[in-house]
Amino acid sequence: LAATKNLSLAAETIDQTGPVTVPGTTSLTAGAANPVTLDSFTNNFVGAVTVLSASSVTIDDANAITFGSISAAGAVDIDAGGNVTLNGALTGATTVDITSDANASNNGTIDVNAKITASGVVSLDADGSITIDAAIDPTTVNLDADDDVTVNAAVVATTAINVRAGNNDGTGNATISGTGSLLTSAAGSDVLIQSGATTGLISLVGNVTAVDRLSLTSNGTGNISQTG
């Protein structure tokens, strides 16, 4: 399917048998009981993608991808061969998995600019950096980046928050800025923050609260500092 401009689909099930290319915006409506499955890594959504309703959402893109709002009753799985940007709220999901891979023109970053709400685990995995500029509110949060992780908003989880920078190349800072915070709420819940194995610092300016254990690991030459 190759749209000439924008694409709007409303159907009980939205899936594909060939690549989808949309130069404009994409709007998808499957209903709360039906899935959206666009899982070919040859897809190319150039404009923002909005999912108005679906039971689950699986969307792959060969390049960078930008999302408006996503409303899903179940799992949300996004895999892109470039930067992933979330500009609209992601609501109703059980689990959220977002993966951003680097390519020739993108570093593979993940930017969260609108709130993510989920009843289960939220996992973000980036070849580049991860920047959190809006709240995240699930049971467990995993932020794994090959480069820096910067938290500029409230991340609240029931059981665990894991922040790991510099995962593969060994270079990455973990920063909780003055507008950011990490909070776990259940008995026995933990917060783990780790910087790059070669170089990378941990900077805590915003509040970090763990009911049970707080683990800070700077494996390389970076310091662990607190100014908040």
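Distance alone, capped at 3.5 Å, places no donor-acceptor pair between the S100 side chain and the D127 backbone. T50 contributes no side-chain N or O that, together with a main-chain N or O of S27, makes up a donor-acceptor pair within less than 3.5 Å. Remark: side-chain polar atoms of N43 are paired, donor with acceptor, to backbone N or O of V20 under 3.5 angstrom. Counting only distance, with no hydrogens or angles, the side chain of T175 and the backbone of S177 share no donor-acceptor pair below 3.5 Å. Judged by distance alone, with hydrogens and angles left aside, the side-chain atoms of T29 form no donor-acceptor pair with the main-chain N or O of S53 at under 3.5 Å. Between the side chain of D137 and the main chain of T117, no donor-acceptor pair closer than 3.5 Å is present.
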### Task
Show your working on side chain to side chain donor-acceptor pair (under 3.5 Å) between T99 and D125 and close with a plain yes or no.
CA-CA 5 Å; T99 302; D125 190 344; 5.3 Å; no

### Task
For I116 and V76, run side-chain contact (heavy atoms from CB on, under 4.5 Å): C-alpha distance rounded to whole Å, both residues' side-chain angles, the deciding distance at 0.1 Å, then the answer.
CA-CA 11 Å; I116 298 176; V76 173; over 6 Å; no

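Here the straight-line distance linking atom CG of L192 with atom CZ of R213 works out to 7.0 Å at 0.5 Å rounding. Summarising the geometry, atom CD1 belonging to I110 is positioned 5.0 Å from atom CD1 belonging to I130; distances are rounded to the nearest 0.5 Å. Taken from CD1 in I202 to OG in S195, the straight-line distance is 4.5 Å, to the nearest 0.5 Å. Here the straight-line distance linking atom CG of N6 with atom OG1 of T26 works out to 7.5 Å at 0.5 Å rounding. Within the model, atoms CG of L214 and OG of S189 stand 11.0 Å from one another, a figure rounded to the nearest 0.5 Å. With rounding to the nearest 0.5 Å, the separation of CG in N173 from OG1 in T150 is 8.0 Å.
You'll find the side chain of V191 stays beyond 4.5 Å of the side chain of T209, heavy atoms only. The side-chain heavy atoms of L52 and S71, taken from C-beta on, include no pair separated by under 4.5 Å. Under the 4.5 Å side-chain criterion, counting only non-hydrogen atoms from C-beta, N87 is in contact with T66. Within the 4.5 Å cutoff, side-chain heavy atoms of D101 are placed close to those of D79. A heavy-atom distance below 4.5 Å is not found between the side chains of D133 and D111. In this structure, D61 and I59 have side chains that are not in contact, with every pair of non-hydrogen atoms separated by 4.5 Å or more.
For the 3.5 Å distance criterion, the side chains of S123 and N142 qualify, holding a donor opposite an acceptor.
Here the options are I136, L143, V155, the test is side-chain contact (heavy atoms from CB on, under 4.5 Å), and the partner is L182; only V155 passes.
I70 and V46 fall into different hydrophobic clusters, where Ile, Leu, Val, Met, Phe, Trp and Tyr are joined by side-chain heavy atoms under 4.5 Å apart, directly or via other members.
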